[in-house]
Amino acid sequence: MKALPPQHVMYEALINRDSTFEGLFFVGVKTTGIFCRPTCPARKPKPENVVYFSKSEEALYAGFRACQRCHPLERTPQTPELIQRLSEMVESSPGKRITDWNLQEMGIDPSTARRQFKRHYGMTFQAYQRARRMGLAFSDLREGESVIGTQLNQGFESASGFWEAFQKVFGVPPSKANGTHCMLVKRIVTPLGPMIAMADDTGIHLLEFIDRKGLETEIKWLQKKTKAVMVPGENDHLKLLTEALEDYFEGKKLTFSLPLITHGTAFEESAWDQLQRIKVGETISYGELAKRLDNPKAVRAVARANGKNCLAIVIPCHRVIGADGSLTGYAGGLWRKQWLIDHEKGNY
Ligand SMILES: [Zn+2]
């Protein structure tokens, strides 16, 4: 994780449009929902309205949109026309998904769009759309804003992009939540980026990094499984989880005792149970995990069960690595897996 300079230093750089800070941080403006480079020519916000990010993607996931003056997503000075056109299309209806088929209908080659976005923004067109959608769906959960109504009334003028994005991600509009089984959804900011947590009265069902691959599919699957309506909010379980994560990241307490609700097959459940027995600071191989399950041949099934864990960090699937010591996969990104392992080895 790239560390940010102290806040007062960044704010000063911002005021002075100091180009030596270019690329070191990005700045989101809470009052406008826009994020900028430090050198943006636009009028500078008050310090209390500013949020800092180390990467432009983090700003997108936090619900900010790119400034039209300083173009913080651009890596090259000129925006190719195709990217310009597609980004405008996304902004005009941010909750909608533009599929490869839609692109073809418009006479655009999907692989060209993918390539150009990848080169220019460092992510594919689909990943860009997903980041924007998730960002909008979570923007009411942004720090300092808790009331969903405020966001609905103020944040999204014409196309009610928030509403569309929310339904896209969670299936049901928040207003339909009355009298049904509710799953509360909270955004938790961690030093490794924002996470999403879901809990009902019985316990915590999901904890994932917001940019995790396949998160939307996982959420839909969970929704089907629990038949719950998902609404932004908080309960005691989520409060406890937030505190426990704070302690974890500060290195104060690296173990968790939280009510976790899992939805696996008997085999997956036993694998996840075994994961929680791996000690803090210890890493084991998939083969070793299979052995601990008295099923030494089930290495691949164990790896699959690991991948299906939807409770990142608290069910420590990051403590399982390749037999040769390599990190192997992690849906939240290998850099996070490495960070978690180092953090635990350094603090237990
Ligand atoms: Zn700007």
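Owing to the predicted nature of the structure, the values given are computational and were not obtained by experimental measurement. Indexing begins at 1, ligand by ligand and atom by atom, following the structure's order.
Taking the charged nitrogens against the carboxylate oxygens, Lys239 and Glu243 have no contact shorter than 4.0 Å, which rules out a salt bridge. A salt bridge links Glu282 with Arg292: the distance from a Lys NZ or Arg NE/NH1/NH2 to an Asp or Glu carboxylate oxygen falls below 4.0 Å. The pair Glu48-Lys30 fails the salt-bridge criterion, with no side-chain N (NZ, NE, NH1 or NH2) lying under 4.0 Å from an Asp/Glu carboxylate O.
Judged by a 6.0 Å distance limit and a 45° cone about the ring axis, Arg37 is not positioned over the six-membered ring of Phe26.
Sorted by chain and number, the protein atoms of type N, O or S within less than 2.8 Å of the Zn ion (ligand 1) are Cys36 SG, Cys40 SG, Cys67 SG, Cys70 SG.
Checked against salt bridge (charged side-chain N to carboxylate O under 4.0 Å, His left out), Lys297 has no partners two or more places apart in sequence or in another chain.
Using modelled atom types and a 3.5 Å distance limit, the side chains of Ser270 and Asp273 yield no donor-acceptor pair.
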